[in-house]
Amino acid sequence: MNPITISTGPEAAVRARLEQERARLEAEAGLRPHAPSHFRRQAEALFTADQRGTTTILFGGLTWKHEKLIHGGLEGLGYKCQVLPVPDVRAFQIGKEFGNNGQCNPTYFTVGNLVQYLQGLEAGGMSRSEICEKYVFFTAGACGPCRFGMYEAEYRLALRNSGFEDFRVLLFQQSGGLSQSEMAAGLEMNLDFFLAILNALTIGDLLNEVAYQIRPYEANRGETDRVLDSVMDDLHGVMRSKRPFRLTGARARIARAVGLERGLTEAGKYIEQIFGEELVGALDSARRRLEAIPVDRLRVKPIVKITGEFWAQTTEGDGNFKMFSFLERENAQVLVEPIGTWICYMIHGAQNKIRDRKGLEERMPVPTWGRPLARLRAELHAQRRIRRLGVAMVLFKRVYERYRKALGGSAHPLADQLEMERIAHPLYNTRAGGGEGHLEVAKNIYYHHHGLAHMVLSLKPFGCMPSTQSDGVQSAVVGKFPDLIYLPIETSGEGEINAHSRVQMALGEARARARAEFARVVEESGYGLEQVRAYVSEREEMRRAGLRVGHSPGVVGIAANFYLDATRRMRAEGIAGVPDAATANETPEDSLAGRGLVESPVAVEA
């Protein structure tokens, strides 16, 4: 029945005429009314165990050192895998072309890099169906307050828009592991897998930092990279040939008979991880080769600590404007951030979450404070989980320290998470999650307070919400520590020249501070520059990268600390100080430049 015929008021008549007109316009436009339906993600083909021999796992997003070791570890476990190329600006543009607007910089670079690689396979003669059948992509995901929680959907959207809608994505959730429905045993997230990845990340962290320590002072340009390439090839082979612990022979038969085979096998894996010598021996061999690199530590260079969003502070390509190589061309020493810090942060955050939520799982009408036994059970349950995570933290740090000492001990130990929390909490609520949470604030204060860096450079994607929150707090940090040099840089895929220009301005202040610090050390030491240089030139061990440089209170730079170490040795050997002859109107910094101890920035190649 027509609504107008049963309407009695003018308002009902108007509404009916509007509905009729809406229906007419929809019919003209070819629109048809439809019932709303709930969104369901398209079913994806599974990656199964029988496909391992014919399916290649693609991954990337870290430094090439980490990726090469992960590649070796996965191949050692029987997987076919391939590291994606370092994302470039072209990958960023492809990500923007096929993805949604307003996404995070890492999303565009990561998915654009993947699509670019798949397009390259297609251009090489493979069909799209063959590509989707023979390749899968493995990456990290998360829930939380930032756009990281939407990465998976964005990956799938860009793949669908680029014509690879059947391509499989395996997502490892930070808080939930890999979904079994997606995994289908094709990628077994077992203890062997986690230990292989953990070893790769830890060794990658340490080698990455050691290389950045040596390269700015190498006597022969390019030698650090040549030695590092050879070392990484050898370590890749060790990771690839390493076999997981297994019970064999009579021990396996006895353990199986008493039902303890699984438990004893896992115990053996942990013992091998904590006390095994295979990787330690390989790192000791790497140390000897790296320590033999000739260096000149009397070059005065500011130390720049890198912080910020996880991906932007880790990648070494266009995703952060190639910032690390740019800083080294500007004659700065880069202090990179280990992934191990983030792992410890995740464990510490999980412990705090248990403390904050203990007892909330008691779903009874009477609260726990009214039931002492229930409250005690909740407390004991929470403490048991916290201690279990604490043991994981201790074991991880112990392995990290073993590997660090095997490489000579020059890399920095992992920061204490409790200290980082205490540093940041007065300024940034440490229960606020997302990204690296309070770590950006804590690191800024920590590395300044402990005299470990002249400048802190925070790299983050444009519009990164957790980092934006941190930047708002950093103004208070700088106000509390007025002599702190802090610079946040947002990366967006464009604007490289502007970003480099901003870094150069801040780096000028850090460079001046490093020079003034060195000049003060020279002046107060009582020993002349030429005298110390001659002393060092006569002792080969002081011109090798393996020499450990001390850290004196109030002295940040490597050159200044090395100068103090050298003068202490000279004093202990009874060598009297002979100050340099002062030139009229010459400042200590002029004296440094005149003796070639202060270098000019290397011109950036077009």
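The figures here come from the full heavy-atom set of this structure, side chains too, leaving out hydrogens, waters and symmetry mates. Since the model is a prediction, treat every value here as computed from it, not as a measurement.
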Query raised in the report: With a 3.5 Å cut-off and no angle check, do the side chains of Gln474 and Ser470 form a donor-acceptor pair?
Result: no

Requested in this report: Please answer whether the main-chain N or O of Cys132 pairs with a side-chain N or O of Asp166 as donor and acceptor at a distance below 3.5 Å.
Outcome: no

Report task. Say whether, by atom type as modelled, one donor and one acceptor occur between the side chain of Asn331 and the main chain of Lys301 under 3.5 angstrom. Result -> no

Query - Intermediate values then yes/no, side-chain hydrogen bond (donor to acceptor under 3.5 Å, both in side chains), Gln213 and Gln333 - result: CA-CA 7 Å; Gln213 288 177 348; Gln333 178 186 341; over 6 Å; no

Requested in this report: Could you please spell out the steps behind the salt bridge (charged side-chain N to carboxylate O under 4.0 Å, His left out) verdict for Glu440 and Lys460?
Outcome: CA-CA 11 Å; Glu440 290 189 49; Lys460 69 281 303 282; 3.7 Å; yes

Query raised in the report: Is the shortest heavy-atom distance from the side chain of Leu114 to the side chain of Phe164 under 4.5 Å?
Result: no

Query raised in the report: If we only count heavy atoms from C-beta on, is the Glu209 to Leu335 side-chain gap below 4.5 Å?
Result: yes

Query raised in the report: Do the side chain of Glu67 and the main chain of Gly61 share a donor and acceptor less than 3.5 angstrom apart?
Result: yes

Requested in this report: Give, for atom CG of Leu74 and atom CZ of Phe193, the distance between the pair rounded to the nearest 0.5 Å.
Outcome: 5.5 Å

Query raised in the report: Would a distance-only check, ignoring hydrogens and angles, find a side-chain to backbone donor-acceptor pair under 3.5 Å from His454 to Pro302?
Result: no

Query raised in the report: Side-chain contact, heavy-atom cut-off 4.5 Å: Leu279 with Met239?
Result: yes

Requested in this report: Using ring pair (Phe, Tyr, Trp, His ring centres under 6.0 Å) as the criterion, list what pairs up with His236, not counting sequence neighbours.
Outcome: His71

Query raised in the report: So, do Val503 and Leu487 sit near enough that their side-chain heavy atoms are less than 4.5 Å apart?
Result: yes

Requested in this report: Under the ring pair (Phe, Tyr, Trp, His ring centres under 6.0 Å) rule, collect the residues that match up with Tyr446, sequence neighbours excluded.
Outcome: His450

Query raised in the report: Does Gly222 offer a backbone N or O that forms a donor-acceptor pair with the side chain of Glu218 under 3.5 Å?
Result: yes

Query raised in the report: From Ile306 CD1 over to Met455 CE, what is the distance, rounded to the nearest 0.5 angstrom?
Result: 7.5 Å

Query - Near-ring test His438/Tyr345, centroid separation under 6.0 angstrom - result: yes

Report task. Assign the ring pair His500 / Phe321 to parallel, tilted or perpendicular, where the plane angle (0 to 90°) is split at 30° and 60°. Result -> perpendicular

Query - Pairwise distance CD(Glu490) to CG(Asn498) - rounded to 0.5 angstrom - result: 11.5 Å

Requested in this report: For the pair Glu75 and Arg240, find out whether any cationic side-chain nitrogen is under 4.0 Å from an anionic carboxylate oxygen.
Outcome: yes

**Report entry** Close aromatic pair by centroid cut-off 6.0 Å: Phe167 and Phe137
**Finding:** no

Query - Salt-bridge criterion met for Lys443 and Glu436 (N-O under 4.0 Å) - result: yes

Query - side-chain hydrogen bond (donor to acceptor under 3.5 Å, both in side chains) between Arg168 and Gln51, intermediate numbers included - result: CA-CA 13 Å; Arg168 291 164 292 177; Gln51 297 173 346; 2.9 Å; yes

Query raised in the report: What do the steps show when you test Thr491 against Asp318 for side-chain contact (heavy atoms from CB on, under 4.5 Å), and what is the final call?
Result: CA-CA 9 Å; Thr491 61; Asp318 290 335; over 6 Å; no

Requested in this report: Among Asn208, Thr63, Leu201, find the one that has a side chain to side chain contact (heavy atoms under 4.5 Å, CB included) with Ile339.
Outcome: Leu201

Report summary line: Looking only at heavy atoms, the pair that brings Phe324 and Thr314 closest together is CE1-O, 3.9 Å

Requested in this report: State, to 0.1 Å, how close Asn429 and Arg431 come at their nearest heavy-atom pair, and which atoms those are.
Outcome: OD1-N, 2.8 Å

Requested in this report: Determine, for Glu509 against Arg513, whether the closest basic-nitrogen to carboxylate-oxygen distance falls under 4.0 angstrom.
Outcome: yes

**Report entry** Gln93 vs Lys96, side-chain contact (heavy atoms from CB on, under 4.5 Å): CA-CA, chis, key distance, verdict
**Finding:** CA-CA 5 Å; Gln93 293 167 344; Lys96 294 196 76 172; 5.7 Å; no

Query raised in the report: Short question: side chain of Asn320, backbone of Ala312 - any donor-acceptor pair under 3.5 Å?
Result: yes

Query raised in the report: Under a 4.5 Å cut-off applied to non-hydrogen side-chain atoms, are Arg422 and Glu419 in contact?
Result: no

Query raised in the report: Between Ser162 (side chain) and Ala158 (backbone), is there a donor-acceptor pair under 3.5 Å?
Result: yes

**Report entry** Nearest atoms (heavy-atom pairs only) where Lys397 meets Asp416
**Finding:** NZ-CA, 4.1 Å

Query - Side chains of Leu118 and Leu159 in contact at under 4.5 Å (non-hydrogen atoms) - result: yes

Query raised in the report: What is the distance from atom OG1 of Thr315 to atom CG of Leu62, rounded to the nearest 0.5 Å?
Result: 8.5 Å

Query raised in the report: Can you find a heavy atom in the side chain of Phe396 that is under 4.5 Å from one in the side chain of Leu414?
Result: yes

Query raised in the report: Charged N to carboxylate O under 4.0 angstrom, Glu316 versus Lys322?
Result: no

Query raised in the report: With distance as the sole criterion, is a donor-acceptor pair present between the side chains of Tyr117 and Gln82 under 3.5 Å?
Result: no

Report task. May I ask you to decide whether Glu165 forms a salt bridge with Arg128, counting only side-chain N to carboxylate O separations under 4.0 Å? Result -> no

Query - Nearest non-hydrogen partners of Glu133 and Thr55, listed with the distance - result: O-OG1, 3.8 Å

Query - Approximate separation, where rounding is to 0.5 Å, of Thr430 OG1 and Tyr428 OH - result: 10.0 Å

Query raised in the report: Is any side-chain N of the basic residue among Glu130 and Lys134 closer than 4.0 Å to the acidic one's carboxylate O?
Result: yes

Requested in this report: Kindly indicate, with the supporting measurements, whether the criterion ring-ring contact (aromatic ring centres under 6.0 Å, His included) is fulfilled by His448 and Tyr486.
Outcome: CA-CA 10 Å; His448 171 73; Tyr486 169 77; over 10 Å; no

**Report entry** Check: Leu459 main-chain N/O paired with Gln313 side-chain donor or acceptor under 3.5 Å
**Finding:** no

Query raised in the report: Any donor-acceptor pair under 3.5 Å linking the side chain of His66 with the backbone of Ala200?
Result: no

Query raised in the report: Can you list the steps and then say if Leu235 with Leu207 is a side-chain contact (heavy atoms from CB on, under 4.5 Å)?
Result: CA-CA 11 Å; Leu235 285 169; Leu207 284 168; 3.2 Å; yes

Query raised in the report: Hey, are the side chains of Trp64 and Met232 touching, using non-hydrogen atoms and a 4.5 Å cut-off?
Result: yes

**Report entry** Polar side-chain atom of Asp205 near backbone of Pro338 as donor-acceptor pair, under 3.5 Å
**Finding:** no

Query raised in the report: Is the CZ atom of Arg355 crowded by more than 12 outside heavy atoms at less than 6.0 Å?
Result: yes

Report task. Any chance you could measure Asp88, atom CG, to Ile94, atom CD1, to the nearest 0.5 Å? Result -> 8.0 Å

Report task. Sequence neighbours left out, what passes ring pair (Phe, Tyr, Trp, His ring centres under 6.0 Å) with Phe92? Give chain and number order. Result -> Tyr108, Phe109

Query raised in the report: Is the count of non-hydrogen atoms from other residues, nucleotides or ligands lying under 6.0 Å from Ile497 atom CD1 greater than 12?
Result: no

Query - Candidate pair Arg215 and Asp225, rule side-chain contact (heavy atoms from CB on, under 4.5 Å), full reasoning - result: CA-CA 8 Å; Arg215 192 182 298 108; Asp225 288 337; 3.1 Å; yes

